[in-house]
Protein chains: 2
Amino acid sequence: MGYRSIVARPRTFDEQDVIDRAMELFWTRGYETTSITDLTSALGVHPGTLYRTFGDKHALFLRALARYRERLADDFGPSLAEGGPVLPRIRAVLIGWIDLAAQEEQPRGCLIANTAGEVLPGDDEVASSVRCVFSVVEDGFLQGLRAAARQGEISAAVDLPAAAAMLTMLLEGLQVIVKADPDPRRLVSAVDTALLSLASVRG
Amino acid sequence: MGYRSIVARPRTFDEQDVIDRAMELFWTRGYETTSITDLTSALGVHPGTLYRTFGDKHALFLRALARYRERLADDFGPSLAEGGPVLPRIRAVLIGWIDLAAQEEQPRGCLIANTAGEVLPGDDEVASSVRCVFSVVEDGFLQGLRAAARQGEISAAVDLPAAAAMLTMLLEGLQVIVKADPDPRRLVSAVDTALLSLASVRG
DNA sequence: CCAGTTGTTGAGCGCGCGTTCTCAAATGAG
DNA sequence: CTCATTTGAGAACGCGCGCTCAACAACTGG
C-alpha cells in the first residue's frame with residue numbers, strides 16, 4: 001500500500017475543457033433542462049467516465065459555476081480600478097453584456113442570475129456559490145467606485161458600498177430583462193441614466 | 001349539435017383558486033421542479049381533471065404567469081401616480097419586496113425573474129408573457145416618474161423612459177440577489193442610493 | 001324516471017431521466 | 001511477459017415524469 005507507483009491508462013479528454021463546455025451547456029439551457037444525455041453527447045464523454053470523474057450532475061454543475069466565477073473575476077478584477085477614468089469602464093462592462101445578448105440568437109443572460117432563478121430553493125451549495133459570485137462582482141464594482149471617488153468622478157457623498165450593490169443589482173436585472181427583450185437601445189439608455197445620475201450626486 | 005341546453009355535473013373546485021395555488025407552487029419551486037404530482041396533491045385536483053380543465057402543464061403555467069401579472073398590475077397601477085410625493089412610494093414598493101423576502105424562510109424572489117432564468121430558451125409563449133409583465137412594471141414606474149417630474153421631485157433633465165427601465169432593472173436585479181442573500185440592509189441602502197442619485201440630477 | 005352531458009377518479013401508459021455496472025483497452029513497474 | 005490499476009465504452013437499471021383513458025358519479029331538461 002502506499003505510493004501509487006503504478007501508472008494506468010491515460011485520459012483521452014481534458015478535464016478543464018469538459019468543464020468549460022458543460023458550463024456553456026448549463027448557461028444556454030439551464031440546469032434541469034440539460035440532461036446527462038445532452039452532456040455526454042456534447043462533451044464526447046460517456047456517462048461512466050463523467051460520473052467517475054466528477055461525481056454526479058450536481059457536482060459537475062458546481063464546477064461549472066466555479067469556472068464561471070473565475071471568468072467573471074477576470075472581468076471585474078483589477079482592470080476596473082486601474083488608471084484613467086473609471087465610469088466609462090464600468091459602462092463598458094455593462095454595455096458589453098447588452099451587446100453580447102444582442103448578437104446571440106437566444107440570449108443566455110447570466111449563468112448566475114439564471115441559476116438563482118431556477119435552482120436555489122433548498123440547495124445550499126449552489127446558493128453559497130451564487131452568493132460568492134455576486135460578491136466578486138460587487139467587490140469589483142466597489143474597487144472601481146473607490147478609484148472613481150479618488151479621481152473626483154463621483155462625489156465623496158456617495159455611499160460607495162451601497163452604490164456597488166446598486167450596480168450589481170443593475171447588472172443582474174439587466175441580465176434578466178435581456179433574456180426576454182434583447183432590444184439594446186432601452187437597456188443602454190437605462191444604464192446611462194443610472195451612471196449619469198450616480199455621477200450627478202453632490203456632497 | 002345545438003344549444004347546450006342541458007346542464008351537466010357542476011365542478012367541485014374553483015378554477016381561479018386552483019390557478020392561484022398553482023402560481024404559488026411555481027413561484028416557490030420553479031417550473032421544471034414542480035411536478036404534476038406536486039400540483040395535483042397540493043391543489044386537490046386529480047390529473048385527469050387538471051388536464052381536462054387546463055390542457056397541460058405548460059398551459060397551466062401560462063395561466064399562472066397571467067395571474068401574477070394581474071397581481072403586479074395592482075401594485076404598479078394608478079397607485080404610483082396618485083397625489084402626493086411619488087419617490088417615497090416607489091421606494092416603498094422596492095423595499096416591500098425586500099421585506100417580503102426577509103420574512104420568508106426561503107426567499108422566492110420574483111416569479112417572472114425566476115421564469116426568465118429557467119424556462120425561456122426557445123419558449124416563445126413564456127417569453128412574450130414575461131415581456132408583458134416587464135412592460136407592466138416599466139409602465140407603472142413611468143407613470144410614477146412623470147408625476148414626480150411634474151411635482152418637481154426629479155429634474156426635467158431626466159430621461160423618464162430610461163429611468164423607468166432602470167428602475168425595472170433594479171427591481172429585477174434585486175429579486176435575483178435577494179434569493180441568494182436576503183440580508184436586507186445592503187439591499188435597502190442600494191435602493192436608497194439609486195433613488196437619491198436619481199433625485200439629484202439637475203437640468 | 002330516463003337521456004344526455006360533463007366532472008371525477010385513479011390506475012396505468014411510454015419515455016427519458018440520473019445513475020450504475022461490467023468488461024475490454026491501455027499503460028508502466030517489476 | 002505479467003500484473004495492478006485506471007480509463008473507455010455502452011448496455012441496462014429503477015424511478016418518476018407528463019399525460020391518457022375507461023368506468024363511474026352528478027346533474028337537469030324532458
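We name chains A, B, ... by the order of the sequence lines, and we start the count at 1 in each one.
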To the side chain of [X], which of [options] is closest?
| X | options | result |
| --- | --- | --- |
| A:Ser35 | D:dC17, C:dC17, C:dT19 | C:dC17 |
| B:Arg11 | D:dC19, C:dG7, C:dT19 | C:dG7 |
| B:Lys57 | D:dG18, D:dT6, C:dT19 | D:dG18 |

Indicate, with a heavy-atom threshold strictly under 4.0 Å, whether [X] touches base, sugar-phosphate, or nothing.
| X | result |
| --- | --- |
| A:Thr53 | nothing |
| B:Thr49 | base |
| B:Thr34 | sugar-phosphate |
| A:Thr33 | nothing |
| A:Pro10 | sugar-phosphate |

Side-chain donor/acceptor of B:Arg9 to base of C:dT6, under 3.5 Å: no
Expressed in angstrom and rounded to an integer, what is the separation of [X] atom [atom1] from [N] atom [atom2]?
| X | N | atom1 | atom2 | value |
| --- | --- | --- | --- | --- |
| B:Phe61 | D:dG18 | CZ | P | 13 Å |
| B:Leu50 | C:dG7 | CG | P | 14 Å |
| A:Ile36 | C:dC17 | CD1 | P | 10 Å |
| A:Leu60 | C:dC17 | CG | P | 16 Å |
| A:Arg52 | D:dG8 | CZ | C1' | 8 Å |
| A:Asp38 | C:dC15 | CG | C1' | 15 Å |
| B:Glu15 | C:dG7 | CD | P | 10 Å |
| B:Phe13 | D:dA26 | CZ | P | 16 Å |

Salt-bridge test for [X] and [Y]: reply yes if a basic N is under 4.0 Å from a carboxylate O, no otherwise.
| X | Y | result |
| --- | --- | --- |
| A:Arg63 | A:Glu15 | yes |
| B:Arg21 | B:Glu24 | no |
| A:Glu138 | B:Arg186 | yes |

Within less than 4.0 Å of OP1 or OP2 of [N], is there a side-chain N or O belonging to [X]?
| X | N | result |
| --- | --- | --- |
| B:Thr37 | D:dG18 | no |
| B:Tyr51 | D:dT20 | no |
| A:His46 | D:dG8 | no |

Position toward the 5' end of DNA chain C (nearest nucleotide), A:Gly48 or A:Tyr31: A:Tyr31
Test: A:Lys57 cationic atom under 6.0 Å from A:Tyr51 six-membered ring centre, within 45° of axis: no
Any donor-acceptor N/O pair, A:Glu172 side chain to B:Ile177 backbone, under 3.5 Å: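 Judged by distance alone, no pair lies under 3.5 Å.
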Pair B:Asp192, B:Ser189: side-chain N/O donor-acceptor within cut-off below 3.5 Å: no
